[in-house]
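For reference, the structure is listed below as structure tokens.
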2 protein chains.
Amino acid sequence: MENKGNFGQPASAPTARERPTLKTIAFMTGLGVTTVSRALKDAPDIGAETKERVRMVARQLGYQPNRAGVRLRTGKTNVIALVLSIDEEIMGFSSQMVFGISEVLSGTPYHIVITPHSHSKDPMQPVRYILDTGSADGVIISRIEPDDPRVRLLTERGMPFATHGRTDAGLTHPFHDFDNEAFAHQAVEKLVKRGRRRIALLQPPSKLTYYAHIRIGFQTGLHDYGAEEVPLRVNTDAPLADIRDIVEVMMRSANAPDGIVCSAGSAAIAVNAGIEAAGKALGRDLDMVSKQSVPILNWIRPEIITAQEDVRQAGREMAKAVIARIDGVEPELLQSVSQPTWPESGR
Amino acid sequence: MENKGNFGQPASAPTARERPTLKTIAFMTGLGVTTVSRALKDAPDIGAETKERVRMVARQLGYQPNRAGVRLRTGKTNVIALVLSIDEEIMGFSSQMVFGISEVLSGTPYHIVITPHSHSKDPMQPVRYILDTGSADGVIISRIEPDDPRVRLLTERGMPFATHGRTDAGLTHPFHDFDNEAFAHQAVEKLVKRGRRRIALLQPPSKLTYYAHIRIGFQTGLHDYGAEEVPLRVNTDAPLADIRDIVEVMMRSANAPDGIVCSAGSAAIAVNAGIEAAGKALGRDLDMVSKQSVPILNWIRPEIITAQEDVRQAGREMAKAVIARIDGVEPELLQSVSQPTWPESGR
DNA sequence: CATTTCTACTGTATCGTTACAGATTGCGTG
DNA sequence: CACGCAATCTGTAACGATACAGTAGAAATG
């Protein structure tokens, strides 16, 4: 856990095994530390030949700037903080996002730090921590609400960030979102095309922005294709056991739906269990459409009609967006919405 | 007597909105920066009353030490690096581990940095990076091999670390592992108790240490309970489609097994699909036992006999182990193995 | 020829923290 | 009364990088 050995003496001895610093390069090239620093960042007041020499030596030594030095002097942390809700998921949702993000960051000096929190507790806490300690250059958050206080705070403090999901309160900020409205609309279409007309919706919690997107897509779908809604009093955040039980009751009732639209892959598993518990069969008594972020549902029941939400891609988009924002690109230009894809059933 | 003392430097202006530093506290208490620093770390040469005062002011200001300052001066990064293989998982395996780790780290100054890599590429690369740049105080790695080169390198360089899985080459190091031998043994027992005698094993890739653990548990199980193995030529790392197809072929063949032991939850889903594709039914024609890290299998088929591997707990254990190791605790004392738990089926 | 203007480099101070080597004061001792 | 010794507290110099204000030398200008 310690690293120096270089005491006392003036200029600098190469000290073979130590990690190279600007001083090492300066010593080897016979230049000043400042020159080396500026040469490596391609400053205009350094001679071309000198730059070349410095770069060669730096490469040769495997020089990597000391992050603490840079951070202390410039305030640049080279860190992107990913704020995750630990009760957010059962499936590999956030892993995929992490991997997408790191794909993009791997070509940059940025590191990714995970800042978890329980969304039952204060969701502002991690954001405040990051702002107060200046521990990141950029932030990625999810589970966005229409007037999300985190978005407000981050904007107000000028911290670059990207969100997974949109807001709806006149704030302009980078985001990536899945087109949940299109998904819900298309889901209804698929069901109606299979002759289903009485459709239930397992929707997200109403405080999240995409609740409205799902609702609108669903309702215009019902209208456009001439179907009606069978109410379902539970949302995707409920414990799987609750979802199962409520779906079972619904499926046993007189006005059971003949179609279900499900807004989350993990919940779909519970819905399926509820359907089976009621003695109904997908494809025969009813059809189900679900979105999923990991291709798993068709392994469980090939009959489930699935739309893919590419969360890894979302991670990539958001990582690119935050970095662009850090580099001063206007937020308007850093917004994207991805369309649902409907893989041909099969496996 | 002539103490001209401080000339030039007027200690420091409070500058209300700035982030407080030691200097701020020094200014407010009228003490020197050094004194404040030492007071906050409860050094023995600082008066009790002074410490109290410093602590009060620090708390009042919401002082948090600047990580870059500490890191630059001491070399301590306060970072734990989690090295993850991005193709490691489909399910929420690594998320659960991340959350377990952060539970423990949340009470400490440590941050968690995710360092991903593709295990098809060079698995040493992230470890080398961390060592070369000194970017973490401790490392957590998984997918351990019997003579894992990463374990060798980390040990050699004196970097504190913990592994998810054991090695088998005379190296002593902190680890947390799931008792795969016990799992496989008990799995065979469960199957035989249900009257199954011809058992197939879906095993992990042979290069990983726990391959041997699974094999031994399985084989002693076969021996102890009087069953025989039906060979299955595929491992848990194979694409799910391959697993499904191979299982289907096996289940259609003349000597189809009447029991299957499966070493990974995601693979079990594919195995189940293969079984169903062959027209066989769990509980009737055969039984399956699988381990899982996320309670999902019984939602798919209640008949699957599942053992729970608590990956979140593993994350907690490893985080505690790395920190203890950083604090100088002997590696021998930082090893733990968790037992499979067999939740009563149902949900 | 003196002066300005470039070009190419360099020294110093600084970010926040801590290791280290002093200071200062009070007080008990011989 | 000088001395030693605790008990407290403090200034300085790093750690590695960069912003800023120079400087030296050569070339262009008047």
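Throughout, a chain's letter reflects where its sequence line sits, starting with A, and its residues are numbered from 1.
- The base of C/dC15 has none of its N or O atoms less than 3.5 Å from a complementary donor or acceptor on the side chain of B/N66.
- Summarising the geometry, the separation between CZ on B/R19 and C1' on C/dT17 is reported as 12 Å, rounded to the nearest angstrom.
- In this structure, the NZ atom of B/K51 is 11 Å from the C1' atom of D/dT8, given to the nearest Å.
- Within 4.0 Å of A/T35, counting heavy atoms only, lies at least one base atom of the nucleic acid.
- The nearest whole Å value for the distance from the CZ atom in B/F27 to the P atom in C/dG16 is 16 Å.
- Of the residues listed (A/V83, A/I101, A/T115), the one engaging A/I140 in a side-chain contact (heavy atoms from CB on, under 4.5 Å) is A/I101, and it is the only one.
- In this structure, A/Y63 does not reach the D/dG16 phosphate: none of its side-chain N or O atoms is under 4.0 Å from OP1 or OP2.
- Under the 4.5 Å side-chain criterion, counting only non-hydrogen atoms from C-beta, B/V151 is in contact with B/F161.
- Between the side chains of B/D137 and B/T77, at least one donor N or O sits under 3.5 Å from an acceptor N or O.
- Phosphate contact (OP1/OP2 of C/dG16, side-chain N/O of B/K23, threshold under 4.0 Å): absent.
- Note on the helix from C/dC1-D/dG30 to C/dG30-D/dC1: angle between the axes of the first and last five pairs equals 70°, rounded to 10 degrees.
- Mapped onto DNA chain D by nearest heavy atom, B/G69 and B/D45 fall at different nucleotides, with B/D45 at the one closer to the 5' end.
- When heavy atoms are screened at a 4.0 angstrom cut-off, A/T34 is found touching base atoms of the nucleic acid.
- Using a 4.0 Å cut-off between charged side-chain N and carboxylate O, B/R152 and B/D147 make a salt bridge.
- Comment: A/D45 engages A/R38 in a salt bridge, judged by a side-chain N to carboxylate O separation of less than 4.0 angstrom.
- Map A/R38 and B/P44 each onto its nearest nucleotide of DNA chain D; the residue landing nearer the 5' end is B/P44.
- In this structure, a donor-acceptor pair under 3.5 Å is absent between the side chains of B/Q125 and B/R128.
- As rounded to whole Å, 17 Å separates atom C1' of C/dT18 from atom CZ of B/R71.
- Distance, A/L72 CG to C/dT18 P: 12 Å, rounded to whole Å.
- When the P atom of D/dT18 is taken as reference, atom CG of A/N78 falls 10 Å away, rounded to whole Å.
- Here B/T74 does not reach the OP1 or OP2 of C/dT18: none of its side-chain N or O atoms lies under 4.0 Å away.
- Note: CZ (B/R73) to C1' (D/dA13) measures 8 Å, nearest angstrom.
- A/H173 and A/T167 share a side-chain donor-acceptor pair at under 3.5 Å.
- Between the C1' atom of D/dT8 and the CD atom of B/E52 lies a distance of 17 Å, rounded to the nearest Å.
- Nearest nucleotide to the side chain of A/L22, out of D/dT18, C/dT10, C/dT17: D/dT18.
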